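Notes for the one structure printed next.
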Amino acid sequence: MPEWQPPEDSEQPIVWGFELQESSDPQFEHALERYRGPQRACFVSGLPDGTWFWRVRLVALDWPAEAGETPHGPWSEVRSLEVRHHPLALAWGLFALGAVLVAAILVFLGLADRRERRGEGA
Amino acid sequence: MDEGARLLSATTGWWLLGLLSLLWIGLGVFWGRKARSLDGFMLAGRNVGLALGSATAVATWITSNTTMLAPELALKYGVWGMLAYSTASLGLFLFAPMARRIRALMPKGYTSAEFMRLRYGGTVWAVFLAISLFYALTWLVSMAMAGGKLLEALSGIEYRFGMSLILAVCVTYTLIGGLYAVIGTDFVQSWLILVGLVLVAGAILLRVDVGTIHTELAERRPLLLAVLLPAAIMMFFNSMLFGLGEIFHSNVWWSRAFAMREGVGAPAYALAGLIWLPVPIVAGFLGLAAPALGINVLSPDTAGPVVAGTVLAGVGTVLVFVLVFCSLASSIDSLLAATSDLVTNDVVGGVLVRDAGERRLRRMGTWVIVGLGLVTWLLCLPNLGTLAEVLFLAGPLVGSAIWPILLGLYTRRMPAWGALSGLISGSALGLVAYHVIGFYTGALVGTAVSFAVCLIAYAVSKERFDFERLAATRLADSSPNPSTGTGHSR
């Protein structure tokens, strides 16, 4: 979970917040705005395999469009994280094992219950 | 929108907490008038009907995990995670025929551990009891902690006060009314939860359509929609088996099977499964909707209540508060009652005071509830924050109990050494998988290993167990007549 801190001299008349950018490119060629607001952290999930980069900067919140470009501070240093999911072969193997186990329970209980209803005992 | 802001003022939170507390204690006193005998206190006179029976199963199974973990899993593991959680309803469906069998074999039974003792003997009983108590206590502690955290997140009421009050209220009405009070309050709580969830989901769908949520997720969190997210694929059957293990072994469900009237258990559990099935999907939807609604979720385990409260605002936040309180109370009271039954019947009556009669056990039962409440409160007080993970640790343990219970309940050939080997090997290797691969594989591996071991034991065994022995429960001779609910002391 990316976290950040406000600058110590941020007592400005306008309401400052944070903009968090995310990209798979260290130069942020195709960046997504992951968060914009007053919070100092953001929960991230659902990313594919690869190295992911984040950077954050101070921005003026609720800045009227007619007032021109939104005031902002410089970008922070870039933080990165490598996302590496489990191999799909392992995932599907355990999925198949689970399917067999649940099927075994269903068949066993179905047969046992039918025998009991017929009064055959175990 | 951000998670940081409180949805309700602390004053409103305290008023709501006070009113709900008075309501549950009042109803507990009202319904608990009949809980004088041991059967009345522990098993509601063994005379629970279909409406109350299915409602108590639904309310108990809608835990704070359903309102917190389902949205969290959706946010972390996407659509698969949400569907995986809903598969826990299978446990209720499959316990339906088992409830009929349990009631028929042990008409005067009290606990699941008592079944293991009569079916397999003392050693298996001891291991099973340890697993059961570990699971029950971690579930209880995680619920009470969740209560404190949620009330703080919603209204700013300090964690230790919210947690203490929820626990004190549940202990009070369970103490006064036993299972009568638990099942009665569960009935009201289940209605409030279900109506609340439908209103919350409807209000959110009015604010944001499914197409927008899909577009937002596809662009920003593509794997949450993907079929090929490995952790979610592994989690699917693991969640299902964890749920099966929880329900098959826990005295929460066995005590209800003993408490329901003859012929009621099977339809009540099947109906409960049907009602419960869509609940995690509705709750999980809140987690998936968070990115589209622009809600910055700081702590994924509070995503559900925070999204619902933020979107609904005003009266809606009161609704969320009531919903959360009901889902917590309905589980905490059931756990208190069922776990105290285990301790009273199997530890106090079975080991410490073997000659205790019904009246004495009834008195001891109240002290056990107080003690259990106190232990839970002490464990919750430091707010360690890691108990949800400890609850997942129980996955391999309860998964390993599935086949010893099934084979013991339905076959004469299953030997005690096979059940013991299945419990121990399944728990051990399941815990290894939990640590080496991930928490989402523990129950799956535990069940698989236990299944293989139990199957071998069953195949080589020449035992022919006499099911008549299961009717010889410790208090069978002194149990009251189920039709009248009166009893006598030995």
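Below, all heavy atoms of this structure are taken into account, side chains as well, without hydrogens, waters or symmetry copies. These figures come from a predicted structure and were not determined experimentally. Residue numbering restarts at 1 for every chain, and letters A, B, ... go by the order of the sequence lines.
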Among G46(A), A112(A), G93(A), which residue forms the greatest number of heavy-atom pairs with chain B at distances under 4.5 Å?
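The candidate making the most pairs under 4.5 Å is G46(A).
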
Among the options L406(B), T447(B), L407(B), L241(B), pick out the one with the most heavy-atom pairs lying under 4.5 Å from chain A.
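If we count pairs closer than 4.5 Å to chain A, L406(B) comes out on top.
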
Tested for ring pair (Phe, Tyr, Trp, His ring centres under 6.0 Å) against F236(B), the lone hit among Y85(B), W80(B), F242(B) is W80(B)

What part of [X] gets within 4.5 angstrom of chain A, counting heavy atoms only: side chain, backbone, both, or neither?
X       : result
Y77(B)  : neither
F248(B) : side chain
I437(B) : both

Classify the ring geometry of W403(B) against F108(A): parallel below 30°, tilted from 30° to 60°, perpendicular beyond 60°.
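The arrangement is perpendicular - the two ring planes meet at more than 60°.
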
Pairing donors with acceptors under 3.5 angstrom, does anything connect the side chains of S427(B) and S400(B)?
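Looking only at side-chain atoms, S400(B) and S427(B) do form a donor-acceptor pair, the distance falling under 3.5 Å.
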
V83(A): which residues meet the side-chain contact (heavy atoms from CB on, under 4.5 Å) condition with it, sequence neighbours left out?
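Per chain and number, V83(A) pairs via side-chain contact (heavy atoms from CB on, under 4.5 Å) with L47(A), D49(A), W52(A), H85(A).
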
Pick one of side chain, backbone, both or neither for L106(A), based on which atoms fall under 4.5 Å of a heavy atom in chain B.
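It is the side chain, since no backbone atom gets that close.
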
Check this for me, if you would: do R119(B) and E463(B) make a salt bridge, where the nitrogen-to-carboxylate-oxygen distance has to be below 4.0 angstrom?
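Salt bridge: yes.
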
